[in-house]
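Per chain, numbering begins at 1; letters A, B, ... match sequence-line order.
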Number of protein chains: 2
Amino acid sequence: MAKSQEILEQLKESGHRFTGKRKIVVDLFIEYKDKYLTAKDVYEHVKKSYPSISYDTIYRTLALLKQENLIEEMEYGDEASRYRLSCGQGHHHHLVCLGCGSIKVVKDCPMELINIDRDDFTVVNHRFEIFGYCSTCGHSNKS
Amino acid sequence: MAKSQEILEQLKESGHRFTGKRKIVVDLFIEYKDKYLTAKDVYEHVKKSYPSISYDTIYRTLALLKQENLIEEMEYGDEASRYRLSCGQGHHHHLVCLGCGSIKVVKDCPMELINIDRDDFTVVNHRFEIFGYCSTCGHSNKS
DNA sequence: GCTTTAAATCGTAATCATTTCGATTGACAA
DNA sequence: TTGTCAATCGAAATGATTACGATTTAAAGC
């Protein structure tokens with residue numbers, strides 16, 4: 001609650017408005033702070049309080065929160081994008097549970113460990129994610 | 001041509017048919033063996049020879065070739081999936097040029113360099129790709 | 001070569017996530 | 001309290017991909 005207030009203040013400072021819908025979205029991410037949620041998850045949740053909520057609002061809110069570095073986006077295969085509360089400013093990677101969507105942070109970055117010829121290639125971005133099952137979800141459903 | 005023949009023979013051995021459309025698709029991947037192509041690229045190309053080609057055929061052909069490990073699929077952001085000729089049996093990663101779609105192979109795998117607690121997490125998969133611009137495309141269009 | 005038949009293909013519609021848009025509402029600065 | 005523009009709504013559009021009933025065709029067997 002204090003936390004969501006803080007986040008919404010931050011939005012306000014960067015020239016955006018404080019709305020009830022945004023508060024609900026932020027609260028949801030805080031509640032599930034160690035999980036990835038889909039746009040649909042968020043939509044269904046907000047719908048409980050605002051039955052007339054539109055996907056337009058959901059996607060713009062997600063884009064805004066992402067742009068403000070308050071949430072992170074992740075894609076896996078051709079499934080819908082998933083979002084979670086930003087876990088901090090430092091660069092990091094994730095262990096993503098395919099069962100429950102929970103994540104663990106990996107601090108090591110392969111870009112610092114790997115050797116590539118940067119004269120031959122200008123790196124602008126990289127992607128590194130590890131998928132599997134957390135201890136709760138066990139060893140099931142191997143793919 | 002010898003190569004495409006070889007690939008189509010391999011398909012045949014696993015119980016699939018040799019069709020003119022499949023040959024054209026395979027030839028295309030051989031011609032652009034160092035680039036990623038979208039389903040649409042493939043569709044447009046086949047359309048030249050078979051104007052009535054359907055996307056159904058393109059996607060099933062891509063799925064078949066992928067299933068037979070003849071091509072590899074890659075996704076970047078919310079753009080369309082891209083495909084390229086399989087570069088071999090060994091595990092590897094890619095430098096992907098955001099300009100022209102060409103790729104370079106990286107033999108090092110971060111999973112061998114990084115330290116994670118495998119008692120706490122059962123790894124089933126990982127993803128590691130480096131995006132940027134090749135020497136031909138230069139340093140432009142940073143994102 | 002001719003028949004057979006299941007795989008492959010066609011044409012088109014459906015699906016699903018996401019985006020767009022004109023009209024309306026509402027937050028908040030003055 | 002009011003004016004303005006961001007935010008939202010409702011609904012349709014988009015773009016990639018998939019699905020499906022009808023038709024065609026590769027290739028195995030005669």
Spacing of [X] atom [atom1] relative to [N] atom [atom2], expressed in whole Å:
X       : N      : atom1 : atom2 : value
B:Asp41 : D:dG15 : CG    : P     : 16 Å
A:Gln67 : D:dA6  : CD    : P     : 14 Å
B:Ile24 : C:dA8  : CD1   : C1'   : 15 Å
A:Leu8  : C:dA27 : CG    : P     : 13 Å
A:Lys23 : D:dT8  : NZ    : P     : 15 Å
A:Tyr59 : D:dG15 : OH    : P     : 16 Å
A:Tyr50 : D:dT8  : OH    : C1'   : 11 Å
A:Asp56 : D:dC9  : CG    : C1'   : 8 Å

Look at [X] and [N] and indicate whether a side-chain polar atom (N or O) is within less than 4.0 Å of OP1 or OP2.
X       : N      : answer
A:Thr38 : C:dA17 : no
B:Tyr55 : D:dT17 : no
B:Lys21 : C:dC10 : yes
B:Thr19 : D:dT25 : no

>> Can you give me the bend angle of the helix from C:dG1-D:dC30 to C:dA30-D:dT1? Use the axis through the first five pairs and the one through the last five, nearest 10 degrees.
In response: 30°
Should the heavy atoms of other residues, nucleotides or ligands under 6.0 Å from [atom1] of [X] be counted, would the total exceed 12?
X        : atom1 : answer
B:Tyr43  : OH    : yes
B:Lys40  : NZ    : no
A:Asn115 : CG    : no
B:Phe131 : CZ    : yes

> What's the spacing between A:Lys33 NZ and A:Ser102 OG if we round to 0.5 Å?
Replying inline: 11.5 Å
> For the atom pair CZ (B:Arg17) and OG1 (B:Thr19), what is the distance rounded to the nearest 0.5 Å?
Replying inline: 10.0 Å
> Going by modelled atom types, is there a donor-acceptor pair between the base of D:dA27 and the side chain of B:Arg17 at under 3.5 Å?
Replying inline: no
Name the closest nucleotide to the [X] side chain, picking from [options].
X       : options                : answer
B:Ile53 : C:dA8, C:dC10, C:dT18  : C:dC10
A:Ala80 : D:dC5, C:dA17, C:dG11  : C:dA17
B:Ala39 : C:dT19, D:dG10, D:dT17 : D:dT17
A:Arg22 : D:dT17, C:dT18, D:dA7  : D:dA7

> Of B:Lys12 and A:Ser54, whose closest DNA chain D nucleotide lies nearer the 5' terminus?
Replying inline: A:Ser54
> Closer to the 5' end of DNA chain D via nearest nucleotide, is it B:His16 or A:His16?
Replying inline: A:His16
>> For B:His93 and B:His91, take the angle between the two ring planes, folded into 0 to 90°, and tell me which bin it lands in: parallel under 30, tilted 30 to 60, perpendicular over 60.
In response: perpendicular
> B:Gly15 or A:Phe18: which one's nearest nucleotide on DNA chain C is closer to the 5' end?
Replying inline: B:Gly15
> Taking A:Arg22 as the fixed residue, which of A:Leu65, A:Thr61, A:Ile7 is the one that meets the side chain to side chain contact (heavy atoms under 4.5 Å, CB included) rule?
Replying inline: A:Thr61
